[in-house]
Each structure stands twice: as C-alpha cells, then as structure tokens.
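Here is the structure we will look at.
Numbering of residues begins at 1 and proceeds along the displayed sequence.
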Amino acid sequence: MNPPTFLWPDSCLFGLFLSHDIDQIHDRELFRILGDVNHIRRLWMLGERGSVGLALLRLLRAVFVPKRGEGDFRTILEIEAQYGFRSSFYVLHDPYWSRYGPRYTLRSKVLHRIVQLITEAGCEVGLHGGYYRFNNAEGYRESCDALRVALGIEVTGIRNHFLRFSFPETWLAQEAAGLRYDATFGYNDVPGPRDGRILPFFPVDPQTGRRIDIVALPLKVMDVTLFRSLGLNGERALAAAWEVIEPVVKAGGLVSLLWHNNYFNEPEYWDWQWVYEQLLERLAALKPWCATGAEIAEWWRVKEGL
Ligand SMILES: [Zn+2]
C-alpha cells in the first residue's frame with residue numbers, strides 16, 4: 001500500500017464523511033406499520049432473519065406509545081459529538097404517497113424540530129434525491145426549492161434515494177440544478193469503493209471531455225448493505241465494514257459511511273447502531289479530518305484550484 005500523497009486539513013492522514021439518509025421519521029405511520037406487519041409475516045412464513053418477539057413489541061410500541069421522532073437524531077448527534085464529529089443528513093423530497101416516497105412531509109413539525117437539532121449541532125442538511133428524479137435537472141431544482149421554502153435550507157449537496165444513479169446523466173442534472181456535490185456514488189449490495197474511488201473527484205462527461213462541476217464524494221460502507229444485502233450481523237458486520245475501511249485509511253482516502261436514522265434505538269436491530277458506534281470509536285483513535293459533505297466538497301474545490 002502506498003503512503004498518502006497529501007495531507008487532509010489539520011495535517012490529518014485521512015478524511016471521514018458521516019452521513020444519514022432520512023427516509024422516515026415517524027414511529028406511528030401507516031407505511032412503517034405495514035412494513036413491520038410484513039416483516040413479522042416473513043419472519044413466520046419465510047424464515048426472514050430477526051426476532052418475532054422484538055418485532056411484535058416494536059409494532060405495539062408504534063401503535064400505542066410511539067417514540068418521539070427527534071429521539072433517534074439526538075442519539076446519532078450524541079454518538080458523533082463524543083468525538084467532535086459532525087455529519088450530513090439528507091432530507092427526502094417526493095410525493096408522500098408514492099411507492100418510493102418519503103414517509104413524512106416537509107410540513108411535518110417533527111421534521112422541522114429535527115432540522116433545527118441538526119443545524120444547531122453544526123451538522124448539514126442536504127437533499128435526498130427522489131427515486132425518479134435521479135437524471136432530471138428540473139426535478140432536482142423543484143426539490144431544492146421545496147427544501148428552501150419549507151425548511152429555510154439552502155442545500156448544496158445531494159444523495160439519491162436507493163443510490164439511484166446513471167452516468168453521466170445524474171451528475172449533469174445535478175450540475176444544471178446548481179448543486180455543488182453528490183454523495184451517491186457507491187454500491188447498494190456490496191461494501192467498498194465503486195470503481196476503486198477512494199478520494200473525492202470531479203467527474204468528466206465522456207461525450208465532451210468536459211469536467212462536470214460536481215464534487216463526487218464516493219460511498220464506502222452503508223448499513224443496509226451489511227445487514228440486509230450480505231445478511232451479516234454483530235461482529236461479522238463490523239469485521240466486513242472494517243475490511244473495507246482499513247485500506248482506505250491506510251491509503252489516505254475518504255472514509256464515507258451511510259447509516260439510516262430509523263435503525264437507531266431499535267432492540268431488534270441493536271447491532272446496526274452498535275457497529276456504527278464501534279466504527280466511530282476505532283476511527284476516532286486514528287484521528288481523521290471529519291467534516292460535513294459540504295465542507296469536504298468545498299475544501300476539495302480549493303485544493304484542486306477550482
Ligand atoms: Zn433513501
């Protein structure tokens with residue numbers, strides 16, 4: 001492994017980008033409850049992994065004593081603040097009732113309180129791009145406007161829902177919509193850097209050879225990949241994540257993690273949170289430069305002289 005060829009800010013040897021896609025925030029919510037009912041059915045009939053008892057308790061909780069929407073965000077912010085880390089949260093914009101839409105609306109008072117918590121902690125709110133908008137500049141513009149109007153947030157960064165992406169259309173559409181960086185580039189079903197990309201980069205349009213004015217922050221590890229796609233749990237999930245992270249650290253790259261807020265404080269999914277906590281503890285000991293996606297992208301622009 002070659003030593004790093006440059007230093008990150010504060011003379012750090014690697015970068016750290018922590019992020020969270022906000023697909024849902026409400027405990028007592030129709031799609032969420034239907035999802036849990038379906039999960040219990042699959043546990044019984046198809047042998048899906050999980051615990052029937054804990055799933056039933058979760059369902060009862062959602063119906064009778066739903067947890068507060070802000071709670072999981074407080075937990076995330078507390079875990080990260082222990083190490084002085086700050087992260088980026090992406091708010092999904094699409095029709096509420098659509099199959100792949102958000103399970104909340106931008107008018108939700110809970111969402112507004114969550115956004116306030118995030119910004120007060122010095123973290124970033126970006127856009128989680130809608131399922132069908134991944135190559136549509138007008139759709140991106142509409143979403144940026146919606147977040148500005150509803151939340152008073154001027155977004156500069158994006159990650160698409162389900163990592164929806166096509167090359168180069170996604171980046172061209174984001175550029176046309178005035179976005180500054182994209183955190184979508186990664187795989188859903190396997191951990192590790194897509195195309196071996198461990199550093200931020202400016203994509204190039206293959207048709208024209210032009211540099212696209214978007215900083216791509218490539219993803220390395222996502223919770224759903226470990227626990228769903230690979231079916232890992234506990235120590236094995238942690239080991240698989242570290243296997244990907246360690247070479248990126250050694251090469252002086254950008255370690256990018258994506259953990260969903262709705263798997264925090266969930267007894268049935270205890271190891272999703274546990275692996276995140278373990279990874280942060282290990283990474284903190286190695287002293288990364290941890291910043292929001294927006295800060296990393298702007299630093300990369302300066303470094304590249306662009
Ligand atoms: Zn999503």
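- D21 and N261 make their closest contact through O-OD1, 3.3 Å (heavy atoms, listed as atom of the first residue, atom of the second, distance).
- For the atom pair CG (L16) and SG (C290), the distance works out to 4.0 Å, reported to the nearest 0.5 Å.
- Cluster membership check: I296 shares its hydrophobic cluster with F202, using side-chain heavy-atom separations under 4.5 Å among Ile, Leu, Val, Met, Phe, Trp and Tyr.
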Could you give me the CA-CA distance, side-chain angles and deciding distance for R133 and D94, then say whether salt bridge (charged side-chain N to carboxylate O under 4.0 Å, His left out) is met? CA-CA 9 Å; R133 296 167 194 251; D94 237 357; 2.9 Å; yes
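- Remark: side-chain polar atoms of E29 are paired, donor with acceptor, to backbone N or O of F31 under 3.5 angstrom.
- The hydrophobic cluster containing L117 also contains L18, counting ILVMFWY residues as joined when their side-chain heavy atoms lie under 4.5 angstrom apart, directly or transitively.
- Nearest heavy-atom pair, Y83 versus A284, reported as atom, atom and distance to 0.1 Å: CD2-CB, 3.4 Å.
- Residue F185 forms a side-chain contact (heavy atoms from CB on, under 4.5 Å) with just one option from L217, N160, D195, and that option is D195.
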For side chain to side chain donor-acceptor pair (under 3.5 Å), just list the numbers for H39 and E268, CA-CA rounded to whole Å, side-chain angles, deciding distance to a tenth of an Å, and then say yes or no. CA-CA 12 Å; H39 170 52; E268 191 183 6; 2.7 Å; yes
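- Counting all heavy atoms, side chain and backbone alike, S88 lies closest to G293 at OG-N, 2.9 Å.
- When atom types are taken as modelled, the side chain of Y140 and the backbone of G178 share no donor-acceptor pair closer than 3.5 angstrom.
- Inspection of the E277 and Q273 side chains reveals an N or O donor paired with an N or O acceptor under 3.5 Å.
- Interatomic distance, CZ of R86 versus SG of C123, reported as 6.5 Å (0.5 Å rounding).
- Cluster annotation: L57 and V65 are assigned to distinct hydrophobic clusters (Ile/Leu/Val/Met/Phe/Trp/Tyr, side-chain heavy-atom contacts under 4.5 Å, transitive).
- Each of V275, V255, I245, L258 was scored for a side-chain contact (heavy atoms from CB on, under 4.5 Å) with V221, with one residue passing: I245.
- With hydrogens and angles disregarded, a donor-acceptor distance shorter than 3.5 Å links the side chain of S98 to the backbone of P95.
- Salt bridge present: R210 and E175 bring a charged side-chain N and a carboxylate O closer than 4.0 Å.
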Carefully, step by step, assess E295 and E124 under the rule side-chain contact (heavy atoms from CB on, under 4.5 Å). CA-CA 9 Å; E295 290 164 348; E124 176 194 6; over 6 Å; no
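- A distance-only check finds a donor-acceptor pair linking the side chain of T119 to the backbone of V115 [under 3.5 Å].
- A salt bridge links R301 with D213: at least one charged nitrogen is closer than 4.0 Å to a carboxylate oxygen.
- The pair E304-R211 fails the salt-bridge criterion, with no side-chain N (NZ, NE, NH1 or NH2) lying under 4.0 Å from an Asp/Glu carboxylate O.
- Interatomic distance, T105 OG1 to L92 CG, rounded to the nearest 0.5 Å: 12.0 Å.
- Taking the six-membered ring wherever Trp is involved, the centroid distance between the rings of F227 and Y269 does not fall below 6.0 Å.
- Pairing each heavy atom of I158 with each of D182, the nearest pair is O-OD1, 3.2 Å.
- In R148, the CZ atom is crowded: over 12 heavy atoms of neighbouring residues, nucleotides or ligands sit closer than 6.0 Å.
- The 12-atom threshold is not exceeded at CD of E243, counting heavy atoms of other residues, nucleotides or ligands nearer than 6.0 Å.
- Side-chain atoms of E169 and S166 form a donor-acceptor pair, as typed in the model, at a separation below 3.5 Å.
- Aromatic ring centres of Y263 and W270: separated by at least 6.0 Å.
- Interatomic distance, NE2 of H260 versus CD1 of I76, reported as 10.5 Å (0.5 Å rounding).
- The ring pair (Phe, Tyr, Trp, His ring centres under 6.0 Å) with W171 is formed by just one residue from the set F201, F134, Y181; it is F201.
- Taking the centre of each ring, F162 and Y100 come in below the 6.0 Å mark.
- Between the side chain of H112 and the backbone N or O of L106 there is at least one donor-acceptor pair closer than 3.5 Å.
- Rounding to the nearest 0.5 angstrom, the gap separating the CD1 atom in I198 from the NZ atom in K250 is 13.0 Å.
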Yes or no on side chain to side chain donor-acceptor pair (under 3.5 Å) for N265 and T75, after CA distance, side-chain angles and deciding distance? CA-CA 8 Å; N265 302 315; T75 300; 2.8 Å; yes
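- The local environment of CZ in R282 is crowded, with over 12 non-hydrogen atoms from other residues, nucleotides or ligands closer than 6.0 Å.
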For a salt bridge (charged side-chain N to carboxylate O under 4.0 Å, His left out) check, start with the C-alpha distance between E70 and K109, then their side-chain angles and the critical distance, and finish with the verdict. CA-CA 11 Å; E70 302 95 306; K109 288 199 172 68; over 6 Å; no
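- With D27 as the partner, the side chain to side chain donor-acceptor pair (under 3.5 Å) test is satisfied by one option alone out of R32, R68, K67: R32.
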V224 and W259: CA distance, side-chain angles, deciding distance, side-chain contact (heavy atoms from CB on, under 4.5 Å) verdict: CA-CA 8 Å; V224 177; W259 248 249; over 6 Å; no
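- Criterion: ILVMFWY side-chain heavy atoms under 4.5 Å apart, direct or through other members. Under it, V190 and L257 are not part of a common hydrophobic cluster.
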Under the criterion side-chain contact (heavy atoms from CB on, under 4.5 Å), I'd like the reasoning laid out for F85 against L280: C-alpha separation, chi angles, the key distance, then a yes or no. CA-CA 9 Å; F85 293 165; L280 263 52; 4.0 Å; yes
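- No side-chain donor-acceptor contact under 3.5 Å links D271 and N233.
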For side-chain contact (heavy atoms from CB on, under 4.5 Å), just list the numbers for L283 and V249, CA-CA rounded to whole Å, side-chain angles, deciding distance to a tenth of an Å, and then say yes or no. CA-CA 9 Å; L283 286 162; V249 169; 4.1 Å; yes
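- Applying the 6.0 Å contact sphere to NZ of K303 captures more than 12 heavy atoms from other residues, nucleotides or ligands.
- D10 contributes no side-chain N or O that, together with a main-chain N or O of C12, makes up a donor-acceptor pair within less than 3.5 Å.
- A cation-pi geometry, defined here as NZ or CZ lying under 6.0 Å from the six-membered ring centre and within 45° of its normal, holds between R164 and Y131.
- H20 has its ring centre less than 6.0 Å from the ring centre of Y276.
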Verify side chain to side chain donor-acceptor pair (under 3.5 Å) between E78 and Q82, making sure each step is shown before the conclusion. CA-CA 6 Å; E78 280 165 17; Q82 289 176 71; over 6 Å; no
Between R180 and E298, is the salt bridge (charged side-chain N to carboxylate O under 4.0 Å, His left out) condition met? List the steps. CA-CA 8 Å; R180 303 278 287 173; E298 290 312 307; 2.8 Å; yes
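- Contact between L179 and I214 at its shortest, heavy atoms only, is O-CD1, 3.2 Å.
- Connection of L43 to L46 is established within a shared hydrophobic cluster, with ILVMFWY side chains joined at heavy-atom distances below 4.5 Å, either directly or through further cluster members.
- Minimum interatomic distance between R28 and A62 (heavy atoms only, all atoms of both residues): CB-O, 3.1 Å.
- A donor atom on one side chain and an acceptor atom on the other are found under 3.5 Å apart for H128 and D23.
- Atom-to-atom distance recorded for L219:CG and T225:OG1 is 7.0 Å, nearest 0.5 angstrom.
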